[in-house]
Amino acid sequence: MAAPPRPDSVALLDRFVAALLARGVVTEAEIAEQVARTDAASPEIGARMVARAWTDPAYRELLLRDGSAAAEAAGVSMAGMPPLGVLEDTDRVHHLVVCTLCSCYPRAVLGYPPHWYKSSAYRARAVRDPRGVLAEWGTVLPDHVELRVVDSTADYRWMVLPQRPAGTEGWDAARLASIVTRDALVGVALPKAG
Amino acid sequence: MRFAAGSAVRVRRDFPETRGPCHIRTPHYLRGLPGVIERPLGAHPNPEDLAFGRPAAKVPLYHVRFDQPALFGEGRPGDTLLVEIYEHWLEDRPMTGGPTARRSESVGQETA
Amino acid sequence: MSDATPAPATHDLGGAPRFRCTPVEPDDAPPDAFGKRVDALRQILARKGLMSVDELRRGIEAIPEAEYHALGYYERWLRSISGLMVEKGVVAAEELRP
């Protein structure tokens, strides 16, 4: 578990907010509104985009060419957000996203990054022993598949377009979206039909 | 834009963090390593200046592919890394050794 | 090429040997109230043009190594953001002192 903040950090936040409020830089209403807006983003958005790409070739093409436009088309406001890039898994290549320098993450379509994504262990090991990291999720790639680790260092935020698993023939987009987890959108897991 | 997709490059072996306060988006573990341009990613204001509130010129950005085993000697041959690197961190490299210019299967973001 | 490679900066964790044998904690929990509040402040201050994400990172990277690893994720953010607002004169250092 992520440890709770230290008392001196809690006190610093209180003093900092008090100073900002006193100077009229922010209001409590703005903070509450921002928290609510950030809470509203979740991996379900990314999952819907993937499910649509699996069932709509034109949308898949857009998603891979311009992730931000595809997010907008899915109802996500990308104004002021970093551009979204989407990397497609194939029979030959599997992508795994990490940010070794900080915690870059496609928050617009996945929400808050989970604790493990921000952890020192993940950041250190994903570029050094990525198959070992995947094994901790129970994910084992076939030998012939190239594992491509994407270290998110700069202006883009990266999401994985996983392969549609066998056994999902005839599923509608909602049912398909239900098997696309956050872990699959980062690349530590694969979607499974059952 | 200096490099096209498939160009052989090398990450500059430089360590500005030893020379004073700075903000660098080129990971330490890649400095000096050979790579191949996967695709250009447009031009973006230089974060090394943005971090200090200085005027920031736009710098071309590239997705660069590296061979995994070259990095730590631990990875599986055939596995790779894909990392965004700004142009001023890249130099030309003769096409011998290092990752080859084979095109990947994946299709991705085009430049803006 | 014979000169020794200097050590990476604290935040530059790719491949860091000290975490080589550390399992990744499978913790999916969303941020707590403290984290969400810090996160919201960062976005609001950025939208008002008072700071950039690059400045946030610079502030985090300036945290000394022992402190960096002792602090939680949003505790680092708070150190950086509050320090930046002092640096820019948005708040005064005295207002943040215990």
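Worth knowing before you read on, the calculation uses all heavy atoms, side chains too, and leaves out hydrogens, waters and symmetry mates. The sequence lines fix the lettering, A, B, ..., with proteins before strands; numbering per chain opens at 1.
- With sequence neighbours excluded, the residues forming a salt bridge (Lys or Arg N to Asp or Glu O under 4.0 Å) with C/Arg18 are C/Glu65, listed by chain and number.
- Between C/Glu61 and A/Leu101 there is no side-chain heavy-atom pair separated by less than 4.5 Å.
- Neither the backbone nor the side chain of C/Val86 has a heavy atom closer than 4.5 Å to any heavy atom of chain A.
- When A/Ala121, A/Ala124, A/Ser119 are compared by the number of non-hydrogen pairs under 4.5 Å with chain C, A/Ala124 comes out ahead.
- The interface of residues 36-56 of chain A with chain C, defined by heavy-atom distances below 4.5 Å, comprises A/Arg37, A/Thr38, A/Asp39.
- Neither the backbone nor the side chain of A/Val188 comes within contact range of chain C, judged by heavy atoms closer than 4.5 Å.
- Contacts with chain A were tallied for C/Pro17, C/Pro30, C/Pro31; C/Pro31 has the most, counting heavy-atom pairs under 4.5 Å.
- Considering only heavy-atom pairs separated by less than 4.5 Å from chain C, the leading option among A/Leu13, A/Val98, A/Asp183 is A/Leu13.
- With a threshold of 4.5 angstrom between heavy atoms, C/Asp39 approaches chain A through side-chain atoms but not through N, CA, C or O.
- When side chains are defined from C-beta on, A/Tyr112 counts as touching C/Lys36, because their heavy atoms get closer than 4.5 Å.
- The side chain to side chain contact (heavy atoms under 4.5 Å, CB included) search around A/Pro57 returns none, not counting sequence neighbours.
- Annotation: side chain of A/Arg23 is in contact with side chain of C/Val91 (closest heavy-atom distance under 4.5 Å).
- Between C/Leu45 and A/Val26, some side-chain heavy-atom pair lies under the 4.5 Å cut-off.
- Ionic pairing of A/Glu30 and C/Arg47 is not present here: no N-O contact between side-chain nitrogen and carboxylate oxygen is shorter than 4.0 angstrom.
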Step by step, would you call A/Asp8 with C/Arg79 a salt bridge (charged side-chain N to carboxylate O under 4.0 Å, His left out)? CA-CA 11 Å; A/Asp8 63 322; C/Arg79 294 293 189 287; 3.3 Å; yes
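- Judged as a ring pair (Phe, Tyr, Trp, His ring centres under 6.0 Å), the pairs with a partner in residues 5-54 of chain C (not counting sequence neighbours) are, in order, C/Phe19-C/His69.
- Both the backbone and the side chain of C/Pro98 come within contact range of chain A, each with at least one heavy atom under 4.5 Å from a heavy atom of that chain.
- Within the 4.5 angstrom heavy-atom criterion, no atom of A/Ala11 approaches chain C.
- Using a distance-only test at 3.5 Å, with no hydrogens or angles considered, no donor-acceptor pair links the side chain of A/Arg128 to the main chain of C/Gly14.
- Between the NE2 atom in A/His115 and the CG atom in C/Asp28 there is a gap of 10.5 Å [rounded to 0.5 Å].
- Among C/Ala16, C/Cys21, C/Gly15, C/Ala70, the residue with the largest count of heavy-atom pairs under 4.5 Å with chain A is C/Gly15.
- Taking CG of C/Leu71 as the reference point, atom CZ of A/Arg6 lies at 4.5 Å (rounded to 0.5 Å).
- In this structure, CD1 in C/Ile60 is found 7.0 Å from OG in A/Ser103, a value given to the nearest 0.5 Å.
- Looking at C/Ala46, there are no atoms closer than 4.5 Å to chain A (heavy atoms on both sides), in backbone or side chain.
- Using a 4.5 Å heavy-atom cutoff, the side chains of C/Arg20 and A/Asp129 are not in contact.
- Salt bridge status for A/Lys118 with C/Asp27: absent, with no side-chain N to carboxylate O gap under 4.0 Å.
- Of the possible donor and acceptor atoms, none in the side chain of C/Arg57 sits under 3.5 Å from a partner among the backbone N and O of A/Cys102.
- Ion pairing between C/Arg37 and A/Asp14 fails under the 4.0 Å rule for side-chain N and carboxylate O.
- Checked by atom type and distance alone, the side chain of C/Lys48 pairs as donor or acceptor with a backbone atom of A/Val25 at under 3.5 Å.
- A/Glu136 places a side-chain heavy atom less than 4.5 Å from the side chain of C/Pro23.
- Heavy atoms closer than 4.5 Å to chain A are found in both the backbone and the side chain of C/Leu96.
- With C/Ile44 as the fixed residue, the side-chain contact (heavy atoms from CB on, under 4.5 Å) test singles out one of A/Ile31, A/Leu20, A/Thr27: A/Ile31.
- Neither side chain, C/Ser82 nor A/Arg15, offers a donor N or O lying under 3.5 Å from an acceptor on the other.
- The shortest non-hydrogen separation linking A/Pro5 to C/Asp32 is CD-OD2, 3.4 Å.
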